[in-house]
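These notes are about the structure you will find just below.
For clarity, every value in this text was computed on a predicted model and none was experimentally measured. Residue indices begin at 1 and follow the sequence shown.
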Amino acid sequence: MNRPQIDVFGIGNALLDVEYRVTDTFLVEHGIEKRRMTLVDKERMLRLINSLEEDPISSNCGGSVANTMYAMRGFGRRTYLTCRVAPDDAGRHFVMQLESAGIGTNTILPSDDGVTGRCLVLVTRDAERTMNTCLGVSDQLLSTQVDTATLHNSRSIFIEGYLASSDTGHVAAQRAREIADEYKLETNLTLADTSMVKMFRPQLETIIGNGLTRVFANLEEALEWCRTDRLDIALTQLREIAREAVITLGPGGCSINTGKTRIHVDAFPVKAIDLNGAGDMFAAAYLTAIRDHDTESAARFANFAASRVIQYTGARLRSTSAYDAIRRQYLTIQEKALTGQVRVSSA
C-alpha cells in the first residue's frame, strides 16, 4: 500500500482576517453579540469598519481550518486546504501564503467575479474575540472543488463547521466526508461556533452523516449541541456523533471522552492578549500529536500550543518556523520533566 502524501486534508472558508481592538461599549452600540461569529453583508461590514477609529492591529490570511492547516504544517505535518477565493489581490495573496508554507490547495476559479471573504475580528480588553464575517466567494465552495485524488492520498480529513452556513459549502463538506468514509480515512470536524450549532444544526448533521472519528468543540458549542448545561452529559452525548469527543474549556484546559477513557487535562496558565485562534491552534497541535502519542499527551501539547498563540495578536503566528519553535520548546519542557528539573503541568 502506498504511503499517503498528505497527513490532513482540510476543507473550510478562506478569509482575510482584519483585527481591531474595541470596547464592550462599541459592541453594544452596534448591536454585536460578544464572543460570537455573525455573518454580515458587504454594506454592514463597511459600516462597521467606518465606525472604527483606530487602525487595525493585524491583517492576515485566515479561516479556522486554514489556520489549523498552517499550524500543522509548522509542526511538521503535510497539509492541504480546499477552499474558494476570488482572483483578486486578497485571493492571490491567500494562495501564495499557502504555497510559501508548503500547503497544497485547489486552484482559483478564473471566472469568479466576486471578492475573497473577509472577517472583521473585534478584540475587547478581556482578550475575547467577536467576529463579523462577509464570506464573499467562500460562500460558494463547490463539491467539484474537492480533489478526490488528493483526498484519496491523505491520512485524514478536517472539516470546518462554518461551512454549514453555505448552501453549497455544506454539500461540499458532506461530499468530502463521504469520500473519506469510502477510503476509510480518519474524519474530524470542528463545530466552529455556537451560532452554527443554533442556526445550522441540520446542515451540520448532514456533514456528520453516520458519524466521525473525532469532534472538536468548546464548552458553549458542546452544551448547545447536547442541549444541556452539564459538561459530563455533553462528553457522553457527543460520542453519539463521533468516536472521540474533545471539548476545550479555555483556562480550564480540556476534557476528552474516547469511550475507553475520559480524561481532563489542565491548561497552561498565561495572561491572554488575544483569544482569536486558540481553538484552531489546539486542534492543530492535538491532531499533530495524537498520531504518535496517547490522548493525554496529545491534549497536553494542544493546551501548551494554545497557551502560546493567545499571548500574541492575531489567530496565526508570523511564520511556520514559529510553530516549530513552540514544538521544540514543549519537547524541551518534556525532557526536563523526565529528569525532574520541572513539573509538566498546566496548573
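- At least one donor-acceptor pair under 3.5 Å links the side chain of Glu221 to the backbone N or O of Asn218.
- Side chain of Arg78 to backbone of Val8: no donor-acceptor contact under 3.5 angstrom is found.
- Ring centroid separation for the pair Tyr162 and Phe200 does not come in under the 6.0 Å cut-off.
- Between the side chains of Asn60 and Arg316, no donor-acceptor pair is found at a separation under 3.5 Å.
- Asp17 and Ala315 get closest at one heavy-atom pair: OD2-CB, 4.5 Å.
- The pair Asp274-Arg308 does not meet the salt-bridge criterion, since no charged nitrogen lies less than 4.0 angstrom from a carboxylate oxygen.
- Within the 3.5 Å criterion, the main-chain N or O of Leu39 finds no donor-acceptor partner in the side chain of Thr133.
- Val85 is not connected to Leu163 by any chain of hydrophobic side-chain contacts under 4.5 Å among Ile, Leu, Val, Met, Phe, Trp and Tyr, and they are in different clusters.
- Arg175 places no side-chain N or O within donor-acceptor distance of the main-chain N or O of Ser143, the cut-off being under 3.5 Å.
- A donor-acceptor contact shorter than 3.5 Å links the side chain of Thr79 to the backbone of Met69.
- Nearest heavy atom pair, residue Ala299 against residue Phe282, reads O-CE1, 4.3 Å.
- Side chain of Thr288 to backbone of Ala284: a donor-acceptor contact under 3.5 angstrom is found.
- Counting only heavy atoms from C-beta outward, the side chains of Arg84 and Thr82 never approach each other to under 4.5 Å.
- Side-chain N or O atoms of Asn188 include none that pairs as donor or acceptor with a backbone N or O of Ser156 at under 3.5 Å.
- Residue Phe9 forms a ring-ring contact (aromatic ring centres under 6.0 Å, His included) with just one option from Tyr183, Tyr80, Phe158, and that option is Tyr80.
- Side-chain polar atoms of Asn153 and Thr150 form no donor-acceptor pair below 3.5 angstrom.
- Taking the six-membered ring for Trp and thresholds of 30 and 60 degrees, His30 and Phe26 have ring planes inclined between 30 and 60 degrees apart.
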Stepwise side-chain contact (heavy atoms from CB on, under 4.5 Å) test for Arg214 and Arg243
CA-CA 6 Å; Arg214 186 176 296 108; Arg243 295 200 298 270; over 6 Å; no

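- The hydrophobic cluster containing Met196 does not contain Val40, counting ILVMFWY residues as joined when their side-chain heavy atoms lie under 4.5 angstrom apart, directly or transitively.
- Taking all atoms of both residues into account, the shortest heavy-atom contact from Glu19 to Gly314 is OE1-CA, 3.3 Å.
- Put simply, the side chain of Arg177 gets close to the backbone of Ile207: a donor and an acceptor are under 3.5 Å apart.
- Side-chain atoms of Arg262 come within 3.5 Å of backbone atoms of Asp232 as a donor-acceptor pair (strictly under, hydrogens ignored).
- With hydrogens and angles ignored, the 3.5 Å screen pairs a side-chain donor or acceptor of Gln145 with a backbone N or O of Leu142.
- Remark: the Asn13 side chain and the Glu160 side chain contain an N/O donor-acceptor pair separated by less than 3.5 Å.
- With hydrogens and angles left out, the side-chain atoms of Asp88 and Thr116 include a donor and acceptor closer than 3.5 Å.
- Surrounding CG of Asp167 are at most 12 heavy atoms belonging to other residues, nucleotides or ligands under 6.0 Å away.
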